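Since the structure is predicted, the reported quantities are computational estimates derived from the model, not experimental observations. Atom set for the values below is all heavy atoms of this structure, side chains included, hydrogens, waters and symmetry mates excluded. The chains referred to below are lettered A, B, ... by the order of the sequence lines, with proteins before strands, and numbering in each begins at 1.
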Amino acid sequence: DVKVTQSSRYLVKRTGEKVFLECVQDMDHENMFWYRQDPGLGLRLIYFSYDVKMKEKGDIPEGYSVSREKKERFSLILESASTNQTSMYLCASAEPGGRETQYFGPGTRLLVL
Amino acid sequence: AQSVTQPDIHITVSEGASLELRCNYSYGATPYLFWYVQSPGQGLQLLLKYFSGDTLVQGIKGFEAEFKRSQSSFNLRKPSVHWSDAAEYFCAVGALRDDKIIFGKGTRLHILP
C-alpha cells in the first residue's frame, strides 16, 4: 500500500513565524506535490517537484518555498506565516506521467493567528 | 489551457437513491480524467480514471463514470448510495506531457437517511 504521511494533522502558528510542513512517501515516486485546499476553491497547486532538488512553481507559489533533499521527503515552508495562509495543506506523490494516480496524505490543517 | 467545472457545489440524495455528479472539462486533445473522493478529515483517494479505450469506466466502491467527448463531460454515477458515500468529490483533468493535473472545485455529497 502506498503511504503518504504528513508531519502534523493540526498546527497553530503566529503571524510572522516560519512554518515547516513535512511530507514523506514510501513508494519511491519521482513526483511530489503540495496543494492548498480552501472551501469553494478546490485544490490549488502550490509547488511540484519532479526529482530531488528539482521544483516547479504551481498556481499559487507566493509566500511559500519548498525543499526536496531526499526523494521520499518534500517540505513546504512558509517563510513568514500570514493569516491568509490559514488553510488545509495536502501533499501527494505519483509516478511521472499525466495519467498516473496521485496518492494523498491526510492533510495538515494550519491556523495562523 | 485545461480547466474543469463541477457545476454543483452541494448535492443531497436519499440513501438508496441513484447519484450522478457532473463534471465538464476543457482541453484540446484527449484528456486524462479522474474522480477522487475525500471523506471527512481525510486526504483524497482515487475512485476511477479514464485515459483511453472503453468510455464507461468502473471504479471502486461501486462507482462508474462515462466519458462523453461530444459533451466534454465525465459524469460520476452510482446506482444506489450508502450513508458512507457522504464526502466531497473532485473531478480532475490531466494531459499527456504534463505531470500536473487540474482539479475542479468539488461537489459535497450529503446523504439523507
Working to the nearest 0.5 Å, report the span between CD of Glu100(A) and NZ of Lys49(B). 5.5 Å
Do Val13(B) and Leu47(B) belong to the same hydrophobic cluster, where Ile, Leu, Val, Met, Phe, Trp and Tyr are linked whenever their side-chain heavy atoms lie under 4.5 Å apart, directly or via other members? yes
Just how far is it from atom CD1 of Ile101(B) to atom OG1 of Thr101(A), taken to the nearest 0.5 Å? 8.5 Å
Is it true that Tyr89(B) and Tyr25(B) fall in one hydrophobic cluster, defined by side-chain heavy atoms closer than 4.5 Å? yes
When the 4.5 angstrom heavy-atom criterion is applied to Gln37(A) and chain B, the contacting part is side chain
Okay, Glu56(A) and chain B: the region with an atom under 4.5 Å from a heavy atom over there is side chain
Nearest heavy-atom pair of Phe33(A) and Asp99(B): which atoms, and what distance? CZ-O, 3.6 Å
Given 3.5 Å as the limit, does a donor-acceptor pair link the side chain of Arg9(A) with the main chain of Gly41(B), or not? yes
How about Phe34(B) and Gln102(A): do any of their side-chain heavy atoms sit closer than 4.5 Å? no
Under 4.5 Å to a heavy atom of chain A? For Tyr36(B) that would be side chain
Proximity breakdown for Gln6(B) and chain A, heavy-atom pairs closer than 4.5 Å: neither
Find out if a path of hydrophobic residues (ILVMFWY) with successive side-chain heavy-atom gaps under 4.5 Å connects Tyr103(A) to Val37(B). no
Do Phe74(A) and Val24(A) sit in one hydrophobic cluster, given that two such residues count as connected whenever their side-chain heavy atoms are within less than 4.5 Å of each other, even indirectly? no
Within a 6.0 Å radius of atom CD1 on Ile9(B), are there more than 12 heavy atoms belonging to other residues, nucleotides or ligands? no
How many angstroms lie between atom CD of Gln42(B) and atom CG of Leu90(A), to the nearest 0.5 angstrom? 11.0 Å
If you measure from OH on Tyr35(A) to CZ on Phe103(B), what distance do you get to the nearest 0.5 Å? 4.5 Å
Portion of Glu88(B) that has a non-hydrogen atom of chain A nearer than 4.5 angstrom: side chain
So if you build clusters from Ile, Leu, Val, Met, Phe, Trp, Tyr with side-chain heavy-atom gaps below 4.5 Å, do Met88(A) and Leu76(A) land together? no
